Amino acid sequence: MNASEALPPSTIDAAEVAKFSHIAATWWDEDGPMAPLHRLNPVRMAYVRDEVCAAFARDRAMLRPLRDLKVLDVGCGGGLVAEPLARMGGSVTGLDASAEAIEAARQHAAEAGLAIDYRCGTVEALAREGARFDVITALEVVEHVADVDLFLASLAGLLAPDGLLIFSTPNRTMASYLSVIVGAEWVLRWVPRGTHDWQAFMTPEELTARLETAGLAVLNIEGLSFSLADRAFHVSPDTSVNYIGVAVRRLA
Amino acid sequence: MTDNQRRVDVIIVGGGLVGMTLARALCVHGLETAVVDTADLSTTLAPAFDGRCSAIAAAAAKLFQAIGVWDQLAEVAQPIRDIRVTDGASPLFLHFDGQAVGGEPLGYMFENRMLRAALMKTAAATDGLHLFAPDRLVDWTRGPGKVEAVLAGGQRLVAPLIVAAEGRGSPLREQMGIRSARWSYRQHGIVTMVAHEKPHGDIAYERFLPDGPFAILPMPGQRSAIVWTVKASQGPAIMGLSDAAFMAEIGKRFGDFLGKLELVAPRWSYPLNFNHADHYVERRFALIGDAAHGNHPIAGQGFNLGVRDVAALTEVLVEAARLGLDLGSLEVLNRYQRWRRPDNTATAIIMDGLTHLFSNDLRTVTAARRLGLAAVNRIKPLKTFFMREAMGATGKLPALLRGELA
């Protein structure tokens, strides 16, 4: 069954969900279609850790810096981000529209011995339940969403008053077209062709403006750049391909 | 979780010097480890001295300070403050004075049993260090989310990562099908210890004799460890000599500058060969120490390189754990391999070059060697050993080798 059919037509792009359900079994294959996400993970998690430690006055060198924090990972897929968040001590909910991805995530977490509340559903439904989170991560997600404004407004509603939203997404530039579409999809075949719709990418300015509309203030945006020297992604001032940022609720 | 199943962060197979150092280093950073060894590690503490020693450089000593083992080690450590290198009968010699690098010792010598005793003593008082010895792995599997190991004693261990620290003949490396480059130097290293009348003054001597290098390394008390490299064809004959005849051969090479010599330890002979694993990591699996690289022991590099591996792997794993990353993922483990493999390769090549150059008795080579102090300057093993450390040959030195926690 296709889970997306049962869901209200909202932030969910049915074609996007189908695309990711199709490759659910390969989420954890470090050399598979999700290879770029595995490579992005150390730098993304470092950014999340550093921002959370700064906001909640915690020690970056501690082993479980997210202890006692309620964390929501939106568009969690197979759990690539949710699992590190749980290992960092967070009380984690993982949300995805693909039932296949959620099933893969549950299996993997069980094997790894991690307690994560995985749910198949939408942010707007969760917001209606009245759930609130100290930290929300939406990493490489907003570019796959149908109704961006509803999505961001729902995230704002899910955020606790002092909560942090951390987001990352590809920029819409010539450089991102060359690296994400031509490079990653066509040449390197890191990800299946058609994984991304470049037209759906947003520039940092566009995303910042739409977050503002949703009642969220962006505190910081950094670039994520791939270095050939150590074949790893690093935080850099260059936002032309991918960027990551943090937002909080604006004071009313 | 049932009583006989334990979940830890890292399973370490092999509770030797490198395995125990790694376990302690990880645990002081808050990770949990399980160490499995086939030997009853308490019997390896038996007081009889087996003659085996290790050298560590100053940077490795800093690691032991950082992980809280140095207090135990300082009492049994012999500092090396000065190294003198001579070539055959030539009066020319090179001199590395510890005073030149700030008065700190260049390195330290230990009896292996003392290192082991200190590590076992601290292990017993280390939170999160679970020792299973004597015990052995009867079965283990690498799944998508974990490694599961079953021990002969019935204990089940679950972890994201298993580390092979079993030494040169690593059975886990073989099971993983990781191939090693290996060749023999057709030489044997004969190791023993002598007592002498006069104090050694904390000085190490490296002599390049026609039949191979002969090292005299200071030990606590009026004793020195001997590392004598001979042609493989001569090894068995030398090992078969009576103590008196053996000491006569030692005496010829040692000289009389420290007075009368007395043999105070058994002799050990090792075929000198080189092995270097094709790669150090696989998903949920890593090689460390001699399981990854066995070098010519001409400069006592083995344990020292193992300590550098420990420093790098600890830093990589601790940083990953703080980010909640999967410690067994290639994304994490590749960082360790990228950090350590080039350094170990360079050391292997340097040691290899030394062996060939200094074991050559061709007249032209010998003459060139004696005349070309510059050439000797580039390749003296002990200098290479200690100076590389001081310079931080790998670029970024792990925090532990600077005496800091990661």
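All chains are named by letter (A, B, ...) in the order of the sequence lines, taking the proteins before the strands, and each is independently numbered beginning at 1. Just so it is clear, the structure is predicted and the values come from calculations on it, not from any experiment.
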**Item:** Heavy-atom pairs under 4.5 Å with chain A, option from B:Asp326, B:Leu405, B:Leu325, B:Val332 with the top count
**Value:** B:Leu325
**Message:** Within the 4.5 Å heavy-atom criterion, are A:Leu63 and B:Arg322 side-chain neighbours or not?
**Reply:** yes
**Prompt:** Would you say A:Asn41 and B:Leu323 make side-chain contact, with heavy atoms under 4.5 Å?
**Reply:** no
**Message:** Tell me the closest heavy-atom pair linking B:Gly145 and A:His108, and the distance in Å.
**Reply:** CA-NE2, 3.9 Å
**Item:** Contacting region of A:Ala61 [heavy-atom separation from chain B under 4.5 Å]
**Value:** both
**Prompt:** When rounded to the nearest 0.5 angstrom, what distance separates CZ in A:Arg39 from CG in B:Leu330?
**Reply:** 9.5 Å
**Request:** Output the option from A:Met45, A:His38, A:Met88, A:Gln107 having the highest count of non-hydrogen pairs under 4.5 Å with chain B.
**Result:** A:Met88
**Prompt:** Side chain, backbone, both or neither: which part of A:Arg60 has an atom under 4.5 Å from a heavy atom of chain B?
**Reply:** backbone
**Request:** Check each atom of B:Arg283 against the heavy atoms of chain A and say whether the ones under 4.5 Å are side chain, backbone, both or neither.
**Result:** side chain
**Asked** Does atom CG of A:Asp59 have more than 12 heavy-atom neighbours, drawn from other residues, nucleotides or ligands, at distances under 6.0 Å?
**Response** yes
**Message:** Would the distance check show the side chain of A:Arg49 and the main-chain N or O of B:Gly324 forming a donor-acceptor pair, the cut-off being under 3.5 Å?
**Reply:** no
**Asked** Under a 4.5 Å heavy-atom cutoff, which of B:Ser329, B:Gly30, B:Ala321 has the most pairs with chain A?
**Response** B:Ser329
**Request:** Would you mind reporting whether B:Glu331 and A:Glu30 have side-chain heavy atoms less than 4.5 Å apart?
**Result:** yes
**Request:** Check whether A:Pro42 gets within reach of chain B through its side chain, its backbone, both or neither, counting any heavy atom under 4.5 Å.
**Result:** both
**Asked** Heavy-atom distance under 4.5 Å to chain A: side chain of B:Pro160, backbone, both or neither?
**Response** neither
**Asked** Has B:Arg179 got more than 12 heavy atoms of other residues, nucleotides or ligands less than 6.0 Å from its CZ?
**Response** no
